[in-house]
Number of protein chains: 2
Amino acid sequence: MTRDAAARQEIALLLRRLNVELDAVGQRFAERHGLNRTDVRALVAIMDAARRGEALTAGRLGEAVDLRSASVTALVDRLEKVGHVRRVRDPEDRRRVSLEMSDSAMAAGAEHFGGLARDLVGAMAAYTDDELAVVHRWLEDMTAVIEAHARAGGPPGA
Amino acid sequence: MTRDAAARQEIALLLRRLNVELDAVGQRFAERHGLNRTDVRALVAIMDAARRGEALTAGRLGEAVDLRSASVTALVDRLEKVGHVRRVRDPEDRRRVSLEMSDSAMAAGAEHFGGLARDLVGAMAAYTDDELAVVHRWLEDMTAVIEAHARAGGPPGA
DNA sequence: TCAATTATCTCGATGGTCGAGATATTAACG
DNA sequence: CGTTAATATCTCGACCATCGAGATAATTGA
């Protein structure tokens with residue numbers, strides 16, 4: 001079945017390399033704005049939620065970035081101090097603290113990550129719809145395999 | 001030119017999702033072995049070098065994972081304490097400290113990451129060589145775009 | 001031999017993360 | 001209502017990864 005195993009291995013390596021470069025984009029954004037990686041992950045989570053029309057609470061944010069409540073407090077303190085987010089007490093359940101991104105932070109994120117997305121889409125103009133259908137299927141298949149590893153942890157032997 | 005822009009945007013989102021899952025694999029490996037993310041990156045760098053037939057020195061490792069010498073010392077201390085690496089004074093230049101992975105660490109890494117690579121290659125058996133050629137080209141193109149962003153940092157406006 | 005360079009390590013300080021517990025709010029129930 | 005349990009967030013103290021500055025050791029060149 002494996003006509004050319006070497007080519008398939010090379011693709012796996014290409015994928016890893018892409019992953020490294022993608023991480024570097026986040027790293028660069030962090031350096032540019034004086035943030036650490038956790039802060040960037042948090043901002044991305046908040047932006048994603050905002051795009052879905054939801055406002056994250058401190059607790060939900062902690063789940064999204066896998067931090068305990070103490071760390072979330074410190075995290076939001078940092079983001080609030082530099083003006084990237086605002087704490088807003090939820091009027092319906094005043095135990096909750098909703099997080100709202102400032103316009104400037106939203107703009108910076110959209111510029112950086114949105115710009116990348118735009119360029120990626122632009123580069124895909126060189127592909128036919130049929131070719132992109134193949135890529136789409138491949139990404140879904142690979143993600144499923146990776147997801148299984150991330151969840152199950154070790155290989156079947158364990 | 002863009003026959004279906006929505007499909008292209010969806011692919012960009014799929015790619016980001018894959019990136020997240022791929023990071024989770026490293027995270028899982030770290031938890032399983034009581035390591036932090038830096039330690040895992042270091043072990044991967046040492047493994048990659050070993051695969052190329054080179055033995056990393058402390059300094060080279062620091063460049064690979066972007067840490068100062070003080071941090072590298074602490075890092076290697078941690079890895080050595082749990083028996084994943086050995087410090088070996090280079091007999092030709094005794095200022096240098098070469099890092100050698102223990103067999104157990106090498107085996108654990110090969111099992112975890114090698115297993116993933118194997119499964120990825122296995123999943124690619126469902127693709128024709130022509131289809132994989134498209135994927136290959138696409139990965140190279142996307143990596144180039146991402147690389148440009150990671151290097152140049154911000155978008156053209158900056 | 002002596003000075004300059006290179007490679008690594010030591011030390012003290014900074015900062016992110018966490019566990020345990022405190023505080024405030026809401027929900028459940030008699 | 002009043003009391004208790006559950007939920008959401010915050011405070012406090014401690015741990016550990018990282019770093020900058022400087023120390024130590026080895027090599028190179030004159």
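Within every chain, numbering begins at 1; the chains are lettered A, B, ... in the order of the sequence lines, protein sequences first and strands thereafter. A quick note: this is a predicted structure, and the numbers were derived from the prediction, not measured.
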Could you pull out the protein-nucleic contacts involving nucleotides 19-21 of chain D (nitrogen or oxygen on both sides, under 3.5 Å)?
unit_1  : atom_1 : unit_2 : atom_2 : d
dC19(D) : OP2    : R68(B) : N      : 3.2
dC19(D) : OP2    : S71(B) : OG     : 2.7

SB check R17(B) E147(A) (cutoff 4.0 Å): yes
R137(A) with E131(B): basic N within carboxylate O range, under 4.0 Å: yes
Interface residues of residues 52-61 of chain A with DNA chain D (non-hydrogen, below 4.0 angstrom): T57(A), A58(A), G59(A)
Nearest whole Å is fine: how far is [N] [atom2] from [X] [atom1]?
X: L79(A); N: dC10(D); atom1: CG; atom2: P; value: 13 Å
X: L35(A); N: dG15(C); atom1: CG; atom2: P; value: 15 Å
X: Q27(B); N: dT17(C); atom1: CD; atom2: C1'; value: 13 Å
X: R78(B); N: dC16(D); atom1: CZ; atom2: C1'; value: 8 Å
X: E63(B); N: dA7(C); atom1: CD; atom2: P; value: 9 Å

Without placing hydrogens or testing angles, list every side-chain donor-acceptor pair under 3.5 Å for residues 20-27 of chain B, not counting sequence neighbours.
unit_1 : atom_1 : unit_2 : atom_2 : d
Q27(B) : OE1    : R37(B) : NH1    : 2.9
Q27(B) : NE2    : E31(B) : OE2    : 3.3

Hydrophobic cluster membership, Y127(B) vs L18(A), 4.5 Å side-chain cutoff: yes
Exceeds 12 heavy-atom contacts within 6.0 angstrom, atom CZ of R60(B): no
F113(B) six-ring face occupied by R16(A) cation (under 6.0 Å, within 45°): no
Once rounded to the nearest 0.5 Å, what's the spacing between atom [atom1] of [X] and atom [atom2] of [Y]?
X: E10(A); Y: D4(A); atom1: CD; atom2: CG; result: 9.0 Å
X: L61(A); Y: S98(A); atom1: CG; atom2: OG; result: 11.5 Å
X: M106(A); Y: I46(A); atom1: CE; atom2: CD1; result: 9.0 Å
X: E80(A); Y: R78(A); atom1: CD; atom2: CZ; result: 12.5 Å
X: H84(A); Y: D103(A); atom1: NE2; atom2: CG; result: 13.0 Å

Residues in contact with DNA chain C, drawn from residues 82-98 of chain B - heavy-atom cutoff 4.0 Å: R87(B), R95(B), R96(B), V97(B)
Strand contacts (DNA chain C) in residues 37-49 of chain A, 4.0 angstrom heavy-atom criterion: T38(A)
Test item: F29(B) and D39(B) side chains (from C-beta on) under 4.5 Å apart, heavy atoms: no
Taking only distance into account, with no hydrogens and no angle test, what donor-acceptor pairs under 3.5 Å do side-chain atoms of residues 62-69 of chain B form with protein atoms, sequence neighbours excluded?
unit_1 : atom_1 : unit_2 : atom_2 : d
D66(B) : OD1    : R68(B) : NH2    : 3.3

